Amino acid sequence: MNLLSIEESSAQQLELLIDLAVEMKATRGAHKTQPLAGQTWAIIFTKASTRTRVSFEVGIRELGGNVMFLSKNDIQLGRGEPIKDTARVLGRMVHGAVIRTFAQQDVVDFAHFSGIPTINALTDDEHPCQILADLLTIREKCGGWRGKKIVFIGDGDNNMSRSWMWAAKYLGFELVIAAPAACLPPEDFMTRLNAPNVSLTSNPAEAVKDADVINTDVWLSMGQEGQAEKEALFGDYQVNAELLSHCAPGHIVLHCLPAYREKEITEEILELHADTIFQQAENRLHAQKAVLARTDPYDSLRS
Ligand code: CP
Ligand code: NVA
């Protein structure tokens with residue numbers, strides 16, 4: 001099984017992965033099977049990472065596999081060797097790949113040309129592994145997402161907001177994207193999404209009214225560093241005490257991290273919700289172990 005995007009997943013797959021993540025978390029250190037025993041996985045990253053890299057390295061090892069980390073500068077990819085050639089070589093040597101890069105098409109091409117299980121560890125279009133960890137956190141903290149109002153505030157047209165919109169489409173919860181007009185998803189994306197339970201607004205206070213989950217992310221994603229004009233659009237979109245005063249009682253705050261204090265979130269709010277936010281970070285490990293276990297054709301948990 002590949003995990004290339006939330007767009008290409010389904011309600012059944014997402015629910016199954018979250019159920020398995022709960023089991024992975026509960027049985028950490030005492031797994032009955034080691035589904036990646038005898039396998040070697042490659043982690044190929046062309047962007048920086050703390051959480052994703054460490055959680056995949058630890059997760060693969062905990063499931064019995066070996067792992068090699070390849071930054072683009074370690075391999076010929078960084079000198080222009082095409083992704084399809086890299087894929088055809090690695091596909092003959094390793095058992096699976098975890099890829100973080102810019103173009104979604106590169107991950108799609110890698111999966112196609114390598115023929116081995118391929119996991120999207122973040123592209124410009126999607127961050128599916130993060131959304132699985134977020135859903136697990138919502139399940140733990142709020143008892144699930146059914147009937148909940150979830151708000152994503154920040155860049156409405158980045159990898160996190162897009163993955164969230166696909167998750168909302170399949171799982172059916174109310175999702176509001178609050179972003180400056182220039183950072184809302186374009187019409188063609190919304191047409192493709194076709195999800196009446198996802199709405200867009202440029203009014204953050206209205207968006208967070210009675211919300212159960214507030215989710216934010218950096219204003220400038222990797223690859224957009226230095227875009228001061230874009231960053232200047234987000235002044236009214238900071239997650240701070242005043243904004244959160246409009247939320248439902250007992251609301252939670254999520255941030256995929258890394259966080260830029262006093263930009264998308266204040267230090268005060270990040271620390272107030274640190275327990276949830278670092279639980280969310282830990283959940284990357286458990287959620288990705290569920291994904292990894294499902295790549296093994298002999299896994300008894302595979303449906
Ligand atoms: N949230 C997340 O993907 O973090 P890293 O960039 O540190 O992997
Ligand atoms: N949208 C952010 C997510 C980081 C985990 C980025 O792409 O940089």
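Position 1 is the first residue of the sequence, and the numbers go up from there. Both ligands and their constituent atoms are indexed starting at 1 by order of listing. Computed over heavy atoms, backbone and side chain alike; hydrogens, waters and symmetry mates excluded. Since the structure is predicted, the reported quantities are computational estimates derived from the model, not experimental observations.
Ranking protein heavy atoms by distance to atom 4 (O) of ligand 1, first place goes to Arg51 NE, 2.9 Å. Protein heavy atom closest to atom 7 (O) of ligand 1, with residue, atom name and distance, is Thr50 N, 2.7 Å. Protein heavy atom nearest atom 7 (O) of ligand 2, with residue, atom name and distance: Asn159 ND2, 2.8 Å. Of the protein's heavy atoms, Arg284 NH1, 3.3 Å lies nearest to atom 2 (C) of ligand 1. What sits closest to atom 4 (C) of ligand 2 on the protein, heavy atoms only, is Leu122 CD1, 3.9 Å. Protein heavy atom at the shortest distance from atom 6 (O) of ligand 1 is Arg100 NH1, 2.8 Å.
Side-chain N or O atoms of Asn2 include one that pairs as donor or acceptor with a backbone N or O of Thr118 at under 3.5 Å. At distances below 3.5 Å, not a single donor-acceptor pair connects side-chain atoms of Arg192 with backbone N or O atoms of Asp188. Within the 3.5 Å criterion, the main-chain N or O of Arg53 finds a donor-acceptor partner in the side chain of Ser49. Formation of a donor-acceptor pair under 3.5 Å by the Gln238 side chain with backbone atoms of Lys263 is found in this model. Side-chain atoms of Ser161 come within 3.5 Å of backbone atoms of Asp155 as a donor-acceptor pair (strictly under, hydrogens ignored). Here the side chain of Ser55 pairs a donor or acceptor atom with the backbone of Thr52 at under 3.5 angstrom.
Ligand 2 has no N or O atom lying under 3.5 Å from any N or O atom of Arg100, backbone or side chain. Among the atoms of Lys47, none of the N or O lies under 3.5 angstrom from an N or O of ligand 2. For ligand 1, one of its N or O atoms has an N or O atom of Leu257 under 3.5 Å away. When only interatomic distances are considered, the shortest N/O to N/O separation between Pro258 and ligand 2 does not fall below 3.5 Å. Residue Ser221 places at least one N or O, backbone or side chain, under 3.5 Å from an N or O of ligand 2. Polar contact check, Cys256 against ligand 1: a nitrogen or oxygen pair lies under 3.5 Å apart.
The aromatic rings of Phe234 and Tyr237 lie perpendicular to each other, with more than 60° between the two planes, well past the 30° mark. Note: Phe45 and Phe69 have perpendicular aromatic rings, judged against thresholds of 30 and 60 degrees for the angle between ring planes.
Heavy atoms of His127 approach ligand 1 to within less than 4.0 angstrom. Taking 4.0 Å as the cut-off, Asp124 does not count as a neighbour of ligand 2 on heavy-atom distance.
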**OP:** Take Trp164 and Asp134 through the test side-chain contact (heavy atoms from CB on, under 4.5 Å) and record every step on the way to the result.
**Re:** CA-CA 9 Å; Trp164 264 107; Asp134 297 0; 3.4 Å; yes
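Set against the non-hydrogen atoms of Leu257, the atoms of ligand 2 under 4.0 Å away are 5 (C). Each of the following atoms of ligand 2 lies closer than 4.0 Å to a heavy atom of Met222: 6 (C), 7 (O), 8 (O). Each of the following atoms of ligand 2 lies closer than 4.0 Å to a heavy atom of Asn158: 1 (N). Taking every non-hydrogen atom of Val218 and a distance limit under 4.0 Å, the qualifying atoms of ligand 2 come out as 2 (C).
With Asp124 as reference, Lys47 is the one residue of Arg162, Arg100, Lys47 to meet the salt bridge (charged side-chain N to carboxylate O under 4.0 Å, His left out) rule.
Between Asp85 and Gln76, the side chains place no donor N or O within less than 3.5 Å of an acceptor N or O (distance only, hydrogens not considered).
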